[in-house]
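The structure appears below as structure tokens.
In what follows, chains carry the letters A, B, and so on, assigned in the order in which the sequence lines appear, proteins first and then strands, with residues in each chain numbered from 1. Values below: every heavy atom of this structure, side chains too, minus hydrogens, waters and symmetry copies.
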There are 2 protein chains.
Amino acid sequence: MRILLVEDDRELIASLKKPLKEAGYVVDVAEDGIEGEYLGNEDIYDLAILDLGLPKRNGLEVLSNWRKADNKLPVIVLTARDTWQERVDGFKSGADDYLGKPFHVEELLARITALLHRSIQSPGKSLISGDLILDEDRQIVTTEDGQTHTLTSTEFRLLRYFLLNTDTILSKSRLTDHLYNFDSDKDSNVIEAYIKRLRKILGKERIETRRGQGYIFKESW
Amino acid sequence: MRILLVEDDRELIASLKKPLKEAGYVVDVAEDGIEGEYLGNEDIYDLAILDLGLPKRNGLEVLSNWRKADNKLPVIVLTARDTWQERVDGFKSGADDYLGKPFHVEELLARITALLHRSIQSPGKSLISGDLILDEDRQIVTTEDGQTHTLTSTEFRLLRYFLLNTDTILSKSRLTDHLYNFDSDKDSNVIEAYIKRLRKILGKERIETRRGQGYIFKESW
DNA sequence: GGTGAAGCTGAAATGAAGCTGAAAAAAGGA
DNA sequence: TCCTTTTTTCAGCTTCATTTCAGCTTCACC
């Protein structure tokens, strides 16, 4: 999962980056409204965290521009003054969620999870596909036979991305984009290696190879 | 699908070719405005990606020449300076879409898909013709009897091209042009081989042979 | 009806894409 | 720092999408 953080307060950025990374997200930061709006249209993000008080272009403006352009990126708005009025404005502009400062990182993480799940399925704590349960807090997966496996960070991120995008061909380069930062080496076979590990845990049938195209994680099979 | 990329930046060309190819497009490159304008009139392209800053002839000029000649080729314009003014100019010259540099490849791909669909038929995730459904996410086709078949990359591209051009005679060389690069061997029978495979999946009647001319994919029969 | 080109077909060759197990490298913790 | 865990690389191997091929059939034209 790749998250866009649009925020100008360096201190806040620093304090958010680590926990977000720990939760298995790749984070890109935009420090002003114009850059933020641009990046948010890139179509590689799964979610944006948008501060309202930004230099160059106001957060609400950024948000409503996205929506005008039919960009459906899930957005969590951050604001210093959490007034009733502001909140209404935020949602009117198309925010999916709203969080007043100061806030606890845990709350933000929880809202992120909720928001990412919302577009896929009914809200719930775990990601479920068929008889597969992924506990996102503990990064543990429970398979059909009731066995649990702790996942390494990369295994977890890959599986989560699959679970949030079932029944769709995901090319290796798309997977790389969502798992790693931009500087990643394109012609390595890391993805293949991790697919193999996931298959060992989940069973071979679950992830189908489409030669020359990518992989499909099958919701049911 | 065959895409004309008019771009002089070798590095950008290199970074675009692979993902475009992965997405199932054949890509030809013109490195200056004059060559680009010429190729764009060849009537074999389904879409052009046109940079504005080109040697020999400016991109906007190329575009407006095409339009003057009543060439309706869908065009996505790339520009280094993404200003309001430039955007307006681009659309006035007949661009179908506009993308400022730098951009992420996935956005370009999304816009290509959107544009191809827009220019040919109503938007939708699946291409439908008669009782035939082509799921582009999964590259699966569902036939009249409700059976689904997974397609290989070439089968998919060929079928998609047929579905986007139903009830039209498509010559073998035109099909070859859209599936392969120019240097492809002209007197091979690959197309015949793939027609056979498609017929096996879809039924014989669906694709009619016009001896000496090509094939017709029939919308209904 | 005979002829030749165009198209069809099933099987086989090919080569790139993907898989795999192990080992090297890097990251993380004590 | 050293040790453990995780990540990445590598080289050989396997698989299968693609292409080729050779023989066959069909069709248009005479």
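- A:Gln139 has its CD atom 13 Å from the C1' atom of D:dT6, to the nearest Å.
- Following rounding to the nearest Å, B:Tyr194 (OH) and C:dG10 (P) show an atom-to-atom distance of 16 Å.
- Contacts of B:Lys200 with the nucleic acid, taken as non-hydrogen atoms under 4.0 Å apart, are absent.
- Salt bridge present: B:Arg138 and B:Asp135 bring a charged side-chain N and a carboxylate O closer than 4.0 Å.
- Between B:Arg157 and B:Glu155, none of the side-chain N atoms (NZ, or NE/NH1/NH2) sits under 4.0 Å from a carboxylate O, so this pair counts as no salt bridge.
- One atom, CD1 of A:Ile195, and another, P of C:dA17, lie 17 Å apart when rounded to the nearest Å.
- B:Asp32 places no side-chain N or O within 3.5 Å of a backbone atom of B:Lys56 that could act as its donor or acceptor partner.
- Classification of A:Glu205 and A:Lys218 as a salt-bridged pair fails, no side-chain N sitting under 4.0 Å from a carboxylate O.
- As rounded to whole Å, 10 Å separates atom C1' of D:dT19 from atom CZ of B:Arg197.
- Within the nucleic acid shown, A:Tyr215 comes within 4.0 Å of sugar-phosphate atoms alone, with no base atom in reach, counting heavy atoms only.
- Of the side-chain N and O atoms in A:Ser188, one or more sit less than 4.0 angstrom from OP1 or OP2 of D:dT9.
- The shortest distance between the side-chain N/O atoms of A:Thr154 and the OP1/OP2 oxygens of D:dT7 is below 4.0 Å.
- A straight line from NZ of A:Lys172 to P of C:dA16 spans 15 Å, rounded to a whole angstrom.
- Remark: the A:Arg211 side chain and the C:dA17 base include a donor-acceptor N/O pair separated by less than 3.5 Å.
- The separation between B:Ile201 atom CD1 and D:dA17 atom P is 11 Å, rounded to whole Å.
- Using a 4.0 Å heavy-atom distance criterion, B:Arg199 is classed as a sugar-phosphate-only contact.
- Distance, B:Glu192 CD to C:dA6 P: 10 Å, rounded to whole Å.
- Distance from the side chain of A:Tyr180 is smallest for D:dT8 among the nucleotides D:dT8, C:dG10, D:dT18.
- For A:Arg160 and A:Tyr25, the positive end sits near the middle of the six-membered ring, less than 6.0 Å away and at most 45° from its axis.
- In this entry the distance linking CD1 of B:Ile207 with C1' of C:dC8 reads 13 Å, nearest Å.
- Listed nucleotides: C:dT9, D:dT19, D:dT7. Nearest to the side chain of B:Val190: D:dT19.
- Listed nucleotides: D:dT9, D:dT20, D:dT18. Nearest to the side chain of B:Thr152: D:dT18.
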